[in-house]
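What follows is a single structure, written as structure tokens, with notes after it.
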Amino acid sequence: MNADLNCRVTELWLYPIKGCAGVRLHSATLADTGLEHEGIGDREWVLADAAGEFLSQRSHPLMALVQPRLTASSLRLKAPGMIDLDLPFDSEGDVVRVQVWNDELAGVTQGELADTWFSRYLGTPCRLLRFDPEQRRLAAARDTGAVAAPYKFADAFPLLVLGEGSMDDLNARLAALGAAPVDQRRFRPNVVLGDMPAHEEDFLATLEHGALLLDCVKPCARCTVPGVDPDTAASDTTVTDLLASYRRTAEGVMFGVNAIVARGAGALLSEGDMLVGRLRFG
């Protein structure tokens with residue numbers, strides 16, 4: 001059985017650097033690789049250690065405090081105790097290999113200044129790499145079916161969708177424990193939807209807005225990152241332990257749903273837009 005619902009886009013988030021803070025947008029282009037703003041895509045950059053392994057908040061929670069801002073020609077970065085870094089979009093460098101989970105990908109170096117800035121801030125040697133546009137990385141066909149779904153340095157899919165109702169439910173549970181509320185930044189969604197009951201996104205098959213069609217392909221299994229406070233970088237297990245108590249499945253602790261752009265790449269999505277969601281049951 002299928003049914004339709006109307007839901008409203010309440011927030012849009014782009015994460016220029018994997019693992020660092022996001023940029024909230026009023027409008028964004030839906031490229032086939034996920035959200036874009038002025039040609040800059042989601043998870044366009046990644047940090048890699050000396051061995052070429054990607055870095056994340058799992059091991060380096062201070063990444064949460066790196067605040068990016070998109071200017072007309074550069075990525076401007078702020079972090080506690082650091083002089084601002086202005087990284088021109090036209091920076092060119094060598095193509096090197098970077099490991100993101102099971103994928104060996106090509107990244108373009110962004111210069112010694114950027115590498116020194118991040119190495120000093122995180123206290124470990126690392127380098128900043130930009131996604132090489134000559135490569136194509138596809139989400140697993142077992143999840144996307146006939147749709148080829150490219151993405152950049154994200155974990156596994158181009159988009160993460162989260163309902164406000166799910167956050168409200170989590171915060172009500174936290175309040176019952178005497179714990180402070182949290183916000184959606186801990187879960188790093190790209191699209192936040194209002195006007196839906198808690199965890200209704202679990203049952204979304206598609207989301208449609210004009211020519212744009214998103215396929216909601218798989219619930220999102222959560223790691224330890226929601227335990228990192230995006231304002232302080234302090235880590236604890238209150239949120240992750242609570243989620244595990246009521247959101248655990250055979251495949252992990254689920255919160256939010258992964259999505260791909262099935263039709264209408266290039267369409268504009270804005271806060272306040274109403275989407276038609278088709279639900280799947282069973």
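Two different hydrophobic clusters hold L55 and V225 under the rule that ILVMFWY side chains link at heavy-atom gaps under 4.5 Å. Following chains of ILVMFWY side-chain contacts shorter than 4.5 Å, one can reach L193 starting from L214, so the two form part of one hydrophobic cluster. L268 is not connected to L213 by any chain of hydrophobic side-chain contacts under 4.5 Å among Ile, Leu, Val, Met, Phe, Trp and Tyr, and they are in different clusters. When the side chains of ILVMFWY residues are joined at heavy-atom separations under 4.5 Å, either directly or via intervening members, V257 and I260 end up in two distinct hydrophobic clusters. Hydrophobic clustering places L279 together with L275 (ILVMFWY residues linked when any side-chain heavy atoms are closer than 4.5 Å, directly or through intermediates).
At a threshold of 4.0 Å, the pair R58-D155 counts as salt-bridged, since one of the basic side-chain nitrogens sits closer than that to a carboxylate oxygen. Salt-bridge annotation for D215 and R263: absent, with no side-chain N of the basic residue lying under 4.0 Å from a carboxylate O of the acidic one. Look at R127 and E112 and you find no salt bridge, because none of the NZ, NE, NH1 or NH2 atoms lies under 4.0 Å from a carboxylate O. Ionic pairing of K152 and D42 is not present here: no N-O contact between side-chain nitrogen and carboxylate oxygen is shorter than 4.0 angstrom.
Here the straight-line distance linking atom NZ of K218 with atom CE of M254 works out to 7.0 Å at 0.5 Å rounding. Interatomic distance, N190 CG to L162 CG, rounded to the nearest 0.5 Å: 10.5 Å. Atom-to-atom distance recorded for T10:OG1 and M167:CE is 11.0 Å, nearest 0.5 angstrom. Here the straight-line distance linking atom CZ of R222 with atom CZ of R248 works out to 14.0 Å at 0.5 Å rounding. For the atom pair L129 CG and E44 CD, the distance stands at 12.0 Å (nearest 0.5 Å). Going from atom CD of Q99 over to atom CZ of F54 covers 9.5 Å, rounded to the nearest 0.5 Å.
Counting only heavy atoms from C-beta outward, the side chains of R24 and E11 approach each other to under 4.5 Å. Counting heavy atoms from C-beta outward, T206 and L204 have side chains that stay 4.5 Å or more apart. Between V191 and L207 the shortest side-chain heavy-atom distance does not fall below 4.5 Å. Contact of the I17 side chain with the L77 side chain is registered, since non-hydrogen atoms from C-beta on lie closer than 4.5 Å. R247 is listed as a side-chain neighbour of H199, based on a closest heavy-atom distance under 4.5 Å. Side-chain contact between L174 and P181 is absent, with no heavy atoms from C-beta onward closer than 4.5 Å. Side-chain contact between Y15 and C20 is absent, with no heavy atoms from C-beta onward closer than 4.5 Å. Side-chain contact between L70 and P16 is present, with heavy atoms from C-beta onward closer than 4.5 Å.
Of the N and O atoms on the side chains of S166 and E201, at least one donor lies less than 3.5 Å from an acceptor on the other residue. For the residue pair S119 and T116, no side-chain donor N or O sits within less than 3.5 Å of a side-chain acceptor on the partner. Inspection of the D86 and S74 side chains reveals an N or O donor paired with an N or O acceptor under 3.5 Å.
A donor-acceptor pair is defined here as one N or O able to donate and one able to accept, closer than 3.5 Å; no such pair exists between the side chain of T237 and the backbone of T240. Using a distance-only test at 3.5 Å, with no hydrogens or angles considered, a donor-acceptor pair links the side chain of T144 to the main chain of V147. No donor-acceptor pair under 3.5 Å is formed between the side chain of D103 and the backbone N or O of L105. Side chain of D229 to main chain of A233: no donor-acceptor pair is present (N/O by atom type, distance under 3.5 Å, no hydrogens or angles). Side-chain atoms of D32 never come within 3.5 Å of backbone atoms of V261 as a donor-acceptor pair (strictly under, hydrogens ignored). Side-chain atoms of Q110 come within 3.5 Å of backbone N or O of V108 as a donor-acceptor pair. Judged by distance alone, with hydrogens and angles left aside, the side-chain atoms of E36 form no donor-acceptor pair with the main-chain N or O of A31 at under 3.5 Å. Although no hydrogens or angles enter the test, the distance criterion places a donor-acceptor pair under 3.5 Å between the side chain of Q135 and the main chain of A106. In this structure, the side chain of T109 engages the main chain of D94 through a donor-acceptor pair within 3.5 Å. For the pair D202 (side chain) and G256 (backbone), a donor-acceptor distance under 3.5 Å is absent.
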Can you check salt bridge (Lys or Arg N to Asp or Glu O under 4.0 Å) on D84 and R76, steps first, answer last?
CA-CA 7 Å; D84 292 359; R76 189 161 296 160; over 6 Å; no
L12 vs H26, side-chain contact (heavy atoms from CB on, under 4.5 Å): CA-CA, chis, key distance, verdict:
CA-CA 7 Å; L12 294 168; H26 295 300; over 6 Å; no
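Residues G264 and L212 approach most closely at O-CD1, 4.0 Å, considering heavy atoms. Nearest heavy atom pair, residue D143 against residue F157, reads OD2-CZ, 3.5 Å. Closest of all the heavy-atom pairs between P230 and R186 is CD-CG, 3.8 Å. For the pair A198 and G165, the tightest heavy-atom approach, listed with the atom from each and the gap, is CB-O, 3.5 Å. Across all non-hydrogen atoms, the minimal contact from P189 to Q184 is CD-O, 3.2 Å. Scanning both residues, L35 and L14, for their nearest heavy atoms gives O-CD1, 3.4 Å.
The 12-atom threshold is not exceeded at CD1 of I83, counting heavy atoms of other residues, nucleotides or ligands nearer than 6.0 Å.
Listed by first then second residue, pairs satisfying ring pair (Phe, Tyr, Trp, His ring centres under 6.0 Å) with a partner in residues 109-136 read F131-F153, not counting sequence neighbours.
Taking the ring centroids of F187 and F255, they lie under the 6.0 Å cut-off.
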